[in-house]
Amino acid sequence: MNNRKILTTTELSDSCMNDVLALLDLCQQEYDTEEVCFLESEMNYDPDLPCYYLAYEDDKLICFLSVFIPDEMSCEIYSLTLPGYEDSGVFKLLINTAIETMEAADIYDIIFVCDHEDKINLKYMTDHLLEADSSTLLMELSIDNPVVFNDATDIPPSDYIFDHEVSVNEEDEDSVNHTLKFSKNGIYYGYAQCEQYPTAFCIHHVEIEEALRGKGHGKELLSDLLTYCLSLVSDIPEEDTPIRFVLNVDYDNTAAYKLYKSFGFTCTQQIDYYYV
């Protein structure tokens, strides 16, 4: 009989972390999905509450669950299962253990997060008659040559005036936060926020004042934001190091999706959220 053991912990040892990263890489290759995984326990509201659940068989990691606890009332659960163990029951065992642990701590607002193409997690949701409460699309734009991109957008420079604030990300020394506030003729139109990395920008917000929406201002602001970001790149990158822009957009926000699509952003992943 195979020797199985379950480990619950607040922190991952170096050995366990290596096992998890190896499992993550294997799952991504086997299922051809990005897979989502939470590994930053220091971000949790309660550092003493177990947030990692590992199932080993003969010293081989066969299933892993991680729990993000942003506050005292809610949590998000992420999982990985070794290919070949989909019907072993170990995934169900771990998720039940995690749910029991959260509920014992009076956390009942539990959300299960999974890739839309993850058949194992989707099967569990279907078996328990759960439907996705919401979904998020991860979109990406890769620019090999900023000069060519600026010419290709065919959007003339806007006459917005924008104030920008720059701050260093205290949690990540490799990134810088940028906030741009747009106005014209004394009227405030909206703002945009992004996080700058050496060869990538993560766009967090492109927000237009509600009364001014639906008039094309979003397209102009996004164009200004991308142009501003590209101006921060001192040299045109080589072909093997393009500038990447990534962002998340709600599945139901069709206006924002169409806007990003018009600039060449493509959807690389859909993340579904289930209330357990």
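Worth knowing before you read on, the calculation uses all heavy atoms, side chains too, and leaves out hydrogens, waters and symmetry mates.
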message: So does Gly84 get a backbone contact from the side chain of Glu86, meaning a donor-acceptor N/O pair under 3.5 Å?
response: yes

query: Judged by modelled atom types alone, do Gln29 and Asp25 share a side-chain donor-acceptor pair under 3.5 Å?
result: yes

query: For the residue pair Ser175 and Glu195, what are the closest heavy atoms and their distance?
result: OG-OE2, 3.0 Å

field: Salt-bridge present (Arg213, Glu207; N to O < 4.0 Å)
entry: yes

task: Establish whether Tyr273 and Tyr275 are linked, either directly or via other cluster members, by ILVMFWY side-chain heavy-atom contacts under 4.5 Å.
output: yes

- prompt: How long is the gap from CG on Leu61 to CG on Leu7, to the nearest 0.5 Å?
  reply: 9.5 Å

- request: Check whether any side-chain heavy atom of Thr10 sits under 4.5 Å from a side-chain heavy atom of Pro47, and report yes or no.
  value: no

- request: Not counting sequence neighbours, which residues clear side chain to side chain contact (heavy atoms under 4.5 Å, CB included) with Glu40? List them please.
  value: Phe38, Glu42, Met43

- prompt: Quick one: are the ring centres of Phe112 and Tyr274 less than 6.0 Å apart?
  reply: no

message: Assess, by modelled atom type and distance only, whether the side chains of Tyr78 and Glu76 contain a donor and an acceptor separated by less than 3.5 Å.
response: yes

- request: State yes or no: do Ile187 and Leu221 share one hydrophobic cluster built from I, L, V, M, F, W and Y residues joined by side-chain heavy-atom distances below 4.5 Å, directly or via other members?
  value: yes

field: Lys184 NZ/CZ over Tyr189 ring centroid, <6.0 Å and within 45° of normal
entry: yes

query: For the hydrophobic clusters of this structure (ILVMFWY residues joined by side-chain heavy atoms under 4.5 Å, transitively), does one cluster hold both Ile203 and Leu138?
result: no

field: Euclidean distance, Leu93 CG relative to Ser88 OG, rounded to 0.5 Å
entry: 9.0 Å

query: Any chance the side chains of Glu11 and Tyr52 put a donor and an acceptor closer than 3.5 Å?
result: no

message: Within the 4.5 Å heavy-atom criterion, are Cys63 and Tyr85 side-chain neighbours or not?
response: no

- prompt: Does some side-chain heavy atom of Gln193 sit less than 4.5 Å from a side-chain heavy atom of Asn177?
  reply: no

- prompt: Is the shortest heavy-atom distance from the side chain of Met139 to the side chain of Val246 under 4.5 Å?
  reply: no

Point-to-point distance, once rounded to the nearest 0.5 Å, from SG of Cys267 to CG of Leu137: 4.5 Å

- prompt: Will you find, in the side chains of Gln270 and Asp115, an N or O donor that is under 3.5 Å from an N or O acceptor?
  reply: no

query: Taking all atoms of both residues into account, what is the closest heavy-atom pair of Pro50 and Met102, and its distance?
result: O-CE, 3.5 Å

- request: May I ask you to check whether Asn18 and Ser15 show a side-chain donor-acceptor distance below 3.5 Å?
  value: no

- prompt: Going through the distances and angles, do Phe91 and Leu65 end up as a side-chain contact (heavy atoms from CB on, under 4.5 Å)?
  reply: CA-CA 8 Å; Phe91 168 75; Leu65 257 68; 4.3 Å; yes

- prompt: Is there a side-chain contact between Thr9 and Tyr53 (heavy atoms, below 4.5 Å)?
  reply: no

task: Quick one: do Leu12 and Val20 satisfy side-chain contact (heavy atoms from CB on, under 4.5 Å)? Show the steps, please.
output: CA-CA 9 Å; Leu12 292 174; Val20 170; 4.3 Å; yes

- prompt: When you measure from the side chain of Asp46 to the backbone N and O of Asp48, does any donor-acceptor pair fall under 3.5 Å?
  reply: yes

message: If you define the side chain from C-beta out and look only at heavy atoms, does anything of Ile62 sit under 4.5 Å from Thr81?
response: no

message: Please give me the minimum heavy-atom distance between Cys75 and Pro70, naming the atom from each residue.
response: CA-CD, 4.0 Å

- request: Mind listing the closest non-hydrogen atom pair of Lys60 and Leu82 along with its distance?
  value: CD-CD2, 4.0 Å

Tyr56 six-ring centre to Lys5 NZ/CZ under 6.0 Å and within 45° of normal: yes

- prompt: Checking Ser223 side chain against Lys219 main chain: does a donor-acceptor pair fall under 3.5 Å?
  reply: no

message: Rounded at 0.5 Å granularity, tell me how far CZ in Phe201 sits from CG in Leu225.
response: 9.0 Å

message: Using the rule given for side-chain contact (heavy atoms from CB on, under 4.5 Å), can you reason through Glu57 versus Asn3, listing the C-alpha separation, both sets of side-chain angles and the distance that settles it, and then say yes or no?
response: CA-CA 5 Å; Glu57 182 176 280; Asn3 181 28; over 6 Å; no

message: Are Tyr228 and His178 an aromatic pair, judged by ring center distance below 6.0 Å?
response: yes

Pairwise side-chain contact, Leu54 with Ile6, heavy-atom cut-off 4.5 Å (strictly under): no

- prompt: To the nearest 0.5 Å, how far apart are CZ in Phe265 and CZ in Phe245?
  reply: 6.5 Å

- request: Give the C-alpha distance, both sets of side-chain angles, the deciding distance and a yes or no for side-chain contact (heavy atoms from CB on, under 4.5 Å) between Val206 and Tyr260.
  value: CA-CA 11 Å; Val206 177; Tyr260 298 130; 3.9 Å; yes

- request: State yes or no: do Ile107 and Met73 share one hydrophobic cluster built from I, L, V, M, F, W and Y residues joined by side-chain heavy-atom distances below 4.5 Å, directly or via other members?
  value: no

query: Is there side-chain contact between Tyr251 and Ile271, with at least one heavy-atom pair below 4.5 Å?
result: no

- prompt: Do Tyr45 and Tyr108 share a hydrophobic cluster (ILVMFWY, side-chain heavy atoms under 4.5 Å, transitive)?
  reply: no

- prompt: Where is the tightest heavy-atom contact between Leu222 and Phe263, given as atom of each residue plus distance?
  reply: CD2-CD1, 3.5 Å

Listed once per pair and sorted, the salt bridge (Lys or Arg N to Asp or Glu O under 4.0 Å) pairs that draw on residues 243-262, sequence neighbours left out: Glu140-Arg244

statement: Which of Asn253, Asn248, Val113, Val249 passes side chain to side chain contact (heavy atoms under 4.5 Å, CB included) with Thr136? It is Asn248

Taking every non-hydrogen atom, the tightest pair across Ile69 and Ser74: CG2-O, 3.7 Å

- prompt: Quick one: does Ser13's side chain have a donor or acceptor within less than 3.5 Å of a partner on Cys16's backbone?
  reply: yes

- request: Please round to the nearest 0.5 Å and tell me the distance separating atom NE2 of His217 and atom CG of Leu212.
  value: 5.0 Å

